[in-house]
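Note that the structure is predicted; figures quoted are calculated from it, not measured.
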Amino acid sequence: MQIELRILRYDPERDERPHQETYHVEAGPMDRVLDLLHKVKYEQDGTLTFRRSCGHGVCGSDAMLINGRNRLACKIRVDQLRARRITVAPLPGLPVMKDLVVDMEGFFAKFRSVRPYLVSERPVPERERRQSQADRSRYDDTTKCILCAACTTSCPSFWAQPGYVGPAAIVNAHRFIFDTRDEAAEERLEILADKDGVWRCRTIFNCTDACPRDIHITQAILEVSSAIVERHA
Amino acid sequence: MIHDHDALIVGAGGAGLWAALELARAGVDSAVLTKLYPTRSHTGAAQGGVCAALGNQEEDHWEWHMFDTIKGGDYLVDQGAAEVLAREAVETVVELEHMGLPFNRTADGKIDQRRFGGHTRNYGEAAVKRACYAADRTGHMILQTLYQQCLKHGVKFYDEYHVVDLIADGGDLGDGGRAAGVVAYRIADGELAVLRSKAVLLATGGFGRMFRVTSNAWSLTGDGVALAYRHGVPMQDMEFYQFHPTGIVGIGILLSEAARGEGAYLINNAGDRFMKDYAPTLMELAPRDMVSRAIHQEIRAGRGIDGKDYVYLDLRHLGRKVIDEKLPDITDFVRVYQGIEPLTQPIPVQPTAHYAMGGIPTDIHTRVTRDADSTVVPGLYAAGEAACVSVHGANRLGTNSLVDLLVFGRRAGRDMVEHVKGGTLADIDPDVTELVRAEIEAIRGREGGERAAAIRKDLADVMMDDVGVYRDETGLRRAQRAVTDLRGRYANVGIHDRGTTFNTDLLEAREVGYLLDCAETTVASALARKESRGAHSREDFPDRDDANFLTHTLATRRDGAIGLSYKPVQITKFQPKPRVY
């Protein structure tokens, strides 16, 4: 079938402002939006610019706004979109560098702000530390994050308050806060109790809908907020 | 723009990140360059596990792991390196746990382990539970954990810097010179940066994109391997390229061997578990080269599903609990990319180009070597898939890629710490960027050139069809002519995007050049190896020939021609034997 692909384009060397360009490509139902972008780039217009790497939803490079929702271009099929017309735009709320490429630095700075690494000063045994299966499963869901930014840039609270640390950073804080091996939960809760921390969340669930890894993000945020409340109780 | 560091790491996958961590912990001024963001690196796509003889589930010993690695590699493995791999696998996996890696756990809280292809107890008796894992996203967890620790230790990153040249001092890298830094293209604005250093680690991964059907990321174009080659360093054992048996039909996305480790079957058109005819002891858990050949044989004999070019991977009998807890990602891939429900339907699979056993030759300290005498190139290091140390020989066992990048990434970092003590930065010619600048401007300025994507597609087709699971003289000669022809076309490569901002059109054109370098040595090395060993199967020479070919191939380019030489295989504990499973 033929797909009409409308892509929001912007080249700072040529354009005053973003504009839409329309391409027509042949596609099968199992083709992914990334396949369509490649068809445009390789067969029609080599200037079209986007990031991608693994091509199957694990590296997090190609999150973008597709038919109004944040998705990974390599993980959404043409037939799932149920439309002959597909619109593609960069992730909302981040500065556009060119076409579908956004500046990720602010996003990663927020990620780094929650101390997203295991902190443990206790001496380690010669072999692995023990952790029960129940303790391991406590933080399993939030280990899946690929830092694609689909969640944070789908969040209206982030759009309204760009200082908001955002769902992805909270997910990565959660991954350590609930890991029994970690010793810095207090510090992370302190960071996230800030005015730009978890309280900016309005439980809109956009993040959960956007996550290509099916992480229960809103639930993770609520678990972190509860931990903050319990800490002060 | 010139930046100085004592040590540079090119590539931010598992090997590069672990090396960076060692350097940062030792207080060495170092930096990592990556053409992506670190967390996009392809280590993150590894699925099934990382083998280490922890013995958490059943008796196991590092000697058994060493033996399996050597036999799996069809005796082309350097046995000293395999010993390092198997011994240090244990401590690196434990150290990863200490860094916070969320391994799956046994009932008593230890790291859980499962079976994997070619990993056996007591020198081949039966499959052993050796693969430590985190669901089927072990690589993701390794990449995330190492990146997290790098942040914790303040590692300096140059994100989205594409390394486009290596800098040598005192002669070229193949002629006695030392590594003195790199030239990098800043993707954001097209600036060329010179980074000086006393040591450079190439940890740029593989080059699976030279094949049509591959599990590899788009970014895996052999950059580091090709850059070293252009400076006179050989490519070693390039004829050994692994095809993983279970890729998603047509698009090549990997479905982990962990599925078979958990008990999945491979079945043909008749519903038979055909591996009983090829590897009666290990069945579906035979090494990958054998399983990929078996699938091809079944297809050729008309026993592919509906007579077509694929067989079935069958998970149905594993049940929902095992599938959901231990194989969640790959079953998600099957649902998304094939529209199939693996709980109730068998999955069509075919071999997919997966892993380069060959690469930049190194010693066990990851120092790059440049000839058959293993003469070290001062200051130049390689680790991970880009390197050939050689622990995988003619065929890598499942999980050993992760073991390799952990063990040798760590070794690289530690050796670089020592190497950069004392020593000075080289004086660099201010014109050092001119050659690569001219190459880039020639591509950018060329009117009416051919698009790189068309050249890459034709390359991938010929490599898949003539340099795949089975090879012969006729096909390899055809491939050789084709690659030569493609080189000619590449001299006229052109792009649409003339800008400096985030010009991926330009970078992809350069990447195709790297792939052509890798392809030409692969074909030349395969033509010259008139035997069948591991992943290199010559239909015109079906037997292994230890008398003539128990030796590593070194392919070097001098004055535009490829020269082949040979380097002995190191044999310490295990004499070559026929390889049956």
Asker: Chain B heavy atoms under 4.5 Å from Arg32(A): which part of the residue, side chain, backbone, both or neither?
Answerer: side chain
Asker: Which atoms of Ala452(B) come close to chain A, meaning under 4.5 Å heavy atom to heavy atom: side chain ones, backbone ones, both, or neither?
Answerer: neither
Asker: If you compare all heavy atoms of Leu151(B) against all heavy atoms of Arg112(A), which two are closest, and at what distance to 0.1 Å?
Answerer: CD2-CD, 3.8 Å
Asker: Answer with side chain, backbone, both or neither: which region of Asn104(B) has an atom nearer than 4.5 Å to a non-hydrogen atom of chain A?
Answerer: both
Asker: For Leu507(B), is it the side chain, the backbone, both, or neither that has a heavy atom closer than 4.5 Å to a heavy atom of chain A?
Answerer: neither
Asker: Need one label for Pro29(A): side chain, backbone, both or neither, based on atoms under 4.5 Å from any heavy atom in chain B.
Answerer: neither
Asker: So what's closer than 4.5 Å to chain B heavy atoms on Ile146(A): side chain, backbone, both or neither?
Answerer: both
Asker: So for Arg498(B), is it side chain, backbone, both, or neither that comes closer than 4.5 Å to the heavy atoms of chain A?
Answerer: neither
Asker: Please flag which part of Phe103(B) lies under 4.5 Å from any non-hydrogen atom of chain A: side chain, backbone, both or neither.
Answerer: backbone
Asker: Ile253(B), Thr504(B), Thr501(B): which one forms the most heavy-atom pairs within less than 4.5 Å of chain A?
Answerer: Thr501(B)
Asker: Mind checking the CZ-CZ spacing from Arg40(B) to Arg52(A)? Nearest 0.5 Å is all I need.
Answerer: 13.5 Å
Asker: Side chain, backbone, both or neither: which part of Arg181(A) has an atom under 4.5 Å from a heavy atom of chain B?
Answerer: side chain
Asker: In terms of heavy-atom proximity below 4.5 Å to chain B, should Met97(A) be classed as side chain, backbone, both, or neither?
Answerer: both
Asker: With only heavy atoms counted, which part of Asp108(B) is less than 4.5 Å from chain A, the side chain, the backbone, both or neither?
Answerer: both
Asker: Using a cut-off of under 4.5 Å for heavy-atom pairs, which of Asn216(B), Asn503(B), Thr106(B) has the most such pairs with chain A?
Answerer: Thr106(B)
Asker: What parts of residues 38-50 of chain A touch chain B if we use heavy atoms and a cut-off under 4.5 Å?
Answerer: His38(A), Lys41(A), Tyr42(A), Gln44(A), Asp45(A), Gly46(A), Thr47(A), Leu48(A), Thr49(A), Phe50(A)
Asker: Could you go through Leu118(A) and Gln149(B), starting from their C-alpha distance and side-chain angles, then the distance that decides it, and tell me whether this counts as side chain to side chain contact (heavy atoms under 4.5 Å, CB included)?
Answerer: CA-CA 8 Å; Leu118(A) 190 85; Gln149(B) 291 295 308; 4.3 Å; yes
Asker: Applying salt bridge (Lys or Arg N to Asp or Glu O under 4.0 Å) to Lys110(B) and Glu128(A), what does each step give before you reach the verdict?
Answerer: CA-CA 7 Å; Lys110(B) 296 178 183 169; Glu128(A) 72 265 40; over 6 Å; no
Asker: May I have all residue pairs that pass side-chain hydrogen bond (donor to acceptor under 3.5 Å, both in side chains) and include part of residues 137-148 of chain B, sequence neighbours excluded?
Answerer: Arg137(B)-Asp329(B)
Asker: Please list, in residue-number order, every residue in residues 7-25 of chain A that has a heavy atom less than 4.5 Å from any heavy atom of chain B; write 'none' if there are none.
Answerer: Pro12(A), Glu13(A)
Asker: Chain A heavy atoms under 4.5 Å from Glu160(B): which part of the residue, side chain, backbone, both or neither?
Answerer: side chain
Asker: Show me the donor-acceptor pairs, under 3.5 Å and distance only, between side chains in residues 65-73 of chain A and residues at least two apart or in other chains.
Answerer:
unit_1   : atom_1 : unit_2    : atom_2 : d
Asn67(A) : OD1    : Thr87(A)  : N      : 2.7
Asn67(A) : OD1    : Thr87(A)  : OG1    : 3.3
Arg69(A) : NH2    : Asp209(A) : O      : 3.0
Asn70(A) : ND2    : Ala150(A) : O      : 2.8
Asn70(A) : ND2    : Thr153(A) : OG1    : 2.9

Asker: When you check the gap from the basic side-chain N to the acidic O, do Asp112(B) and Arg136(A) get nearer than 4.0 Å?
Answerer: no
Asker: Report which part of Lys98(A) has an atom under 4.5 Å of a heavy atom belonging to chain B: side chain, backbone, both, or neither.
Answerer: side chain
Asker: Quick check on Gln80(A) against chain B: is it the side chain, the backbone, both or neither that has a heavy atom closer than 4.5 Å?
Answerer: neither
Asker: Given heavy-atom pairs under 4.5 angstrom as the criterion, report whether the side chain, backbone, both or neither of Leu54(B) touches chain A.
Answerer: both
Asker: Which one of Arg105(B), His496(B), Glu91(B), Glu508(B) has the most heavy-atom pairs closer than 4.5 Å to chain A?
Answerer: Arg105(B)
Asker: Would one find more than 12 heavy atoms of other residues, nucleotides or ligands at under 6.0 Å from atom NE2 of His216(A)?
Answerer: no
Asker: So for Phe333(B), is it side chain, backbone, both, or neither that comes closer than 4.5 Å to the heavy atoms of chain A?
Answerer: side chain
